[in-house]
Student: 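Can you keep this structure in mind? I'll have questions shortly.
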Amino acid sequence: MSVSSHELVTGLSALRLVSHVPVIAHVDVHAFGGLQGGAETFLQVMSNQVDTLVMPVFTYRTMVIPAGGPQNNGMRYHRASGDYSHAEMYDAAMPADPEMGEVAELLRRNPTAARSEHPVLSFTCTGIDAALRTQSLDDPLAPIRVLAELDGLVLLAGVDQTRNFSLHLAELMAERKSFTRWALTRDRIVELRGMPGCSQGFNKVSPALRGISRQAKVGKAVISAIPLRAMLRIVYEIIRADREALLCDAPACLLCGAVRSAQD
Ligand SMILES: [Zn+2]
């Protein structure tokens, strides 16, 4: 039994979205177990519900590994010269990495959609794109901060908290270590500061967010809406109270390892 657009509308109504409240959405359209019309249906239904829709259209494949860089940077450098052979050169028309999902890429291709200019962590948006223009190479999370100031919502559709990119802003607010990375652009390799760490431990936050989240089931997927500002406040307090909160437990994780050793 596939899910109809009507069922999706019903599910989204339970989240009580308000048209003028901006939404940052993370969507796996396959999690519904067959949505009639797929990504196009999802985007159409969402666009009918909210005026401003923001989605990440990240392009990790532009990243390069140099021969050296800052200490405790959650990565291994190349010993001799940098290795740029696998990287693709960023340009503004570049499609999102496939793992960003079909809905995000479809939104990016909408002729009215804007895109921010970060070569790895760009966002696309229809509606009011003021948030996107705040992003810089040193402040990739700035659009999330603006969405929080506008009392925006995070929408998770068929994805878990590991995809909730806005949680990285709470880490930054709590002064958790961020990272330096590099990306290939048309004329040079750019240094990217304030890059967030690992999100594999983010599902640990779920119980703490239950009280502020609104949830519905659509087909096989859970969809939830989380007020950004309240979420950031809660997660900030969690990290301030426990410097290792929401880190992952994989012993080989260089990013979480770097955060832990930065605190020793
Ligand atoms: Zn990790």
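Atoms within a ligand are numbered from 1 in the order they appear, just like the ligands themselves.
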Student: Are Val190 and Val120 grouped together when hydrophobic residues (ILVMFWY) are joined by side-chain heavy atoms under 4.5 angstrom apart?
Tutor: yes
Student: Provide the full list of side-chain hydrogen bond (donor to acceptor under 3.5 Å, both in side chains) pairs with a residue in residues 210-226, sequence neighbours left out, each pair given once.
Tutor: none
Student: Step by step, work out the salt bridge (charged side-chain N to carboxylate O under 4.0 Å, His left out) result for Glu191 and Arg193.
Tutor: CA-CA 7 Å; Glu191 187 174 278; Arg193 301 221 186 90; 3.0 Å; yes
Student: Following the transitive rule for hydrophobic clusters with a side-chain heavy-atom cut-off under 4.5 Å over Ile, Leu, Val, Met, Phe, Trp and Tyr, establish whether Val222 and Met46 coincide in one cluster.
Tutor: no
Student: Distance to the ring centre below 6.0 angstrom and angle to the axis at most 45 degrees; does that hold for Lys177 and Phe179?
Tutor: yes
Student: Restricting to under 2.8 Å, identify the protein N, O or S atoms around the Zn ion (ligand 1) as residue plus atom.
Tutor: Cys198 SG, Cys248 SG, Cys253 SG, Cys256 SG
Student: Have a look at Pro56 and tell me which of Arg108, His26, Arg163 forms a side chain to side chain contact (heavy atoms under 4.5 Å, CB included) with it.
Tutor: His26
